[in-house]
Amino acid sequence: MSNHVTRLDKENMFEKNNKLSVKKKTISSEFPMHWHTFFELDIILDGQGYQIYNGKKCPLEKGTVYLLKPTDFHAIYPEKTLELYNIPFHEDILPTPLATFLLQSKDEFVFQLPADIFHKVRLCASLLKDEYDNDFSMKNDFIKNMMESILILLLRYQGTASALKQTNTTELKKALLYLHSHFRENPSLATTAEISGYCSNYFSQLFHLYTGQTYVQYLIDLKLSYAKHLLDSCDISTTEACFECGFTSLSNFLRSFKQRYGVSPQAYVNQNKKQKSNRRR
């Protein structure tokens, strides 16, 4: 697997001031490893193949639906031409509880839907594309509501819809979205608090109350999760992973990774290689 990972940016994805794109695509050749600075929802309509999603091999066929967050990596390998709805979107089109839930969730959102649920999701996506392609009245409201409906259908199927936190902390949402997009740059608490419009002390208390972690703990967890996905998905060294995910000290990265996952980064890579080798036998 290549150690080159392409970054797809919001600025190059959305037309004009749009915060969503809906396209019906076909993929007939390998789409190499990449990650996004935005969310992406893909709905497989036909074809066959597989993707490497955060280092795991996942089948792709009619009824497969997956959601990619800004810290997820994937590559696509079609075996029979894949037909799909491709829906990249900006987090701003989601209501606060849903956006923050998705960002904070440790789950990976890959589904093989039963026929009845897939029919609903496919219908919603078809209506969403029709709305996106035309200039109807109240277009933006319809798009936001339809995207929310699709995601709630998926969370219901997953059994996590009831965990959505009802909150009006729009300012905290801005801070979380900023943090998830810029964690590799090591933003200070003061910088992130300024994004939310709160003073540092109040922001720190609100952040801990809402996430259950201190700001520093949350930031380290984002970096470690990203490093783990890198090691799962790419052939890179421990040192490269360390600095790619935003740590400035290799020793600090090694210590933090072992505390979080119970093994060193190199031991983690070796375990993964052994497990993959055993599965191929």
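Rounded to the nearest 0.5 angstrom, L179 CG and L103 CG are separated by 10.0 Å. The CG atom of L68 sits 12.5 Å away from the CH2 atom of W35 when rounded to the nearest 0.5 Å. Atom NZ of K19 sits about 14.0 Å away from atom CE of M147, to the nearest 0.5 Å. For the atom pair NE2 of H74 and NZ of K56, the computed distance is 15.5 Å after rounding to the nearest 0.5 Å. A distance of 11.0 Å separates CZ in F111 from CD1 in I117, rounded to the nearest 0.5 Å. Atom CG of L127 and atom CG of N145 lie 12.5 Å apart (nearest 0.5 Å).
A 4.5 Å side-chain heavy-atom check between F39 and I87 finds every atom pair outside the cut-off. At a threshold of 4.5 Å between non-hydrogen side-chain atoms, the residues P95 and E148 count as touching. At least one side-chain heavy atom of L177 sits under 4.5 Å from a side-chain heavy atom of D92. Counting heavy atoms from C-beta outward, L254 and S264 have side chains that stay 4.5 Å or more apart. Counting heavy atoms from C-beta on, the side chains of Y77 and I52 come closer than 4.5 Å. Taking the side chain as every heavy atom from C-beta outward, F89 and L67 approach each other to under 4.5 Å. Contact check for V65 versus Y157: no side-chain heavy atoms found under the 4.5 Å cut-off. Residues F109 and D72 fail the side-chain proximity criterion, which asks for heavy atoms closer than 4.5 Å.
Both V216 and F253 are assigned to one and the same hydrophobic cluster, defined by single-linkage of ILVMFWY side chains at heavy-atom distances under 4.5 Å. I195 and L172 fall into different hydrophobic clusters, where Ile, Leu, Val, Met, Phe, Trp and Tyr side chains are chained together by heavy-atom contacts under 4.5 Å. Taking hydrophobic clusters as Ile, Leu, Val, Met, Phe, Trp and Tyr residues chained together by side-chain heavy-atom distances below 4.5 Å, L189 shares a cluster with L206. Hydrophobic clustering of Ile, Leu, Val, Met, Phe, Trp and Tyr side chains at less than 4.5 Å, counting indirect connections, keeps Y178 apart from L219.
Not one N or O on the side chain of S126 forms a donor-acceptor pair closer than 3.5 Å with the backbone of R122. Looking at S196, its side chain does come within 3.5 Å of a backbone N or O of A193 through a donor-acceptor pair. Not a single donor-acceptor pair under 3.5 Å links the side chain of Y66 to the backbone N or O of E108. For the pair K69 (side chain) and S105 (backbone), a donor-acceptor distance under 3.5 Å is present. At least one donor-acceptor pair closer than 3.5 Å links the side chain of Q112 to the backbone N or O of K62. K139 places a side-chain N or O within 3.5 Å of a backbone atom of Y132 that can act as its donor or acceptor partner.
Residues G246 and K223 approach most closely at O-NZ, 3.5 Å, considering heavy atoms. The two residues F243 and S249 have their closest heavy-atom pair at CE2-N, 4.4 Å. Here the shortest heavy-atom pairing between G49 and L82 reads N-CD2, 4.2 Å. Of all heavy-atom pairs between F118 and L45, the closest is CZ-CD2, 4.2 Å. Pairing each heavy atom of P187 with each of Y215, the nearest pair is O-OH, 2.7 Å. Closest approach of L231 to A241, counting heavy atoms only: CD2-CB, 3.9 Å.
Geometrically, K228 engages Y261 in a cation-pi contact defined by less than 6.0 Å to the ring centre and at most 45° from the axis. Both the sub-6.0 Å distance and the 45° axial angle are not jointly satisfied by K258 relative to the ring of Y268.
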**Message:** Let's go through S256 and F247 carefully: what are the C-alpha distance in whole Å and the side-chain angles of both, what is the deciding distance for side-chain contact (heavy atoms from CB on, under 4.5 Å) to 0.1 Å, and is it a yes or a no?
**Reply:** CA-CA 10 Å; S256 298; F247 280 89; 4.0 Å; yes
**Message:** Show, in sequence, the C-alpha distance, side-chain angles and deciding distance for M146 and E131, and conclude whether the side-chain contact (heavy atoms from CB on, under 4.5 Å) test is met.
**Reply:** CA-CA 10 Å; M146 195 54 62; E131 195 75 19; over 6 Å; no
**Request:** Starting from the C-alpha separation in whole Å, work towards a yes-or-no answer on side-chain contact (heavy atoms from CB on, under 4.5 Å) for L176 and F207.
**Result:** CA-CA 9 Å; L176 284 169; F207 190 93; 3.7 Å; yes
**Request:** Mind running side-chain contact (heavy atoms from CB on, under 4.5 Å) on V22 and I143 for me, showing each step along the way?
**Result:** CA-CA 10 Å; V22 187; I143 284 174; over 6 Å; no
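The aromatic ring centroids of F73 and Y226 lie less than 6.0 Å from each other. Aromatic pair F142/F136: ring centres not closer than 6.0 Å. For H180 and Y218, the ring centers are positioned less than 6.0 Å apart.
Around atom CD of E61, more than 12 heavy atoms belonging to other residues, nucleotides or ligands sit under 6.0 Å away.
The aromatic rings of F31 and H34 sit tilted relative to each other, their planes meeting at an angle between 30° and 60°.
A side-chain N or O of Q266 and one of N270 form a donor-acceptor pair less than 3.5 Å apart. No donor-acceptor contact under 3.5 angstrom links the side chains of T239 and S237, judged on distance only. D130 and N134 form a side-chain donor-acceptor contact under 3.5 Å, judged by distance and modelled atom types alone. Using modelled atom types, one finds no donor on one side chain facing an acceptor on the other under 3.5 Å when comparing N54 with D232.
Each of I44, L60, T64 was scored for a side-chain contact (heavy atoms from CB on, under 4.5 Å) with L84, with one residue passing: I44.
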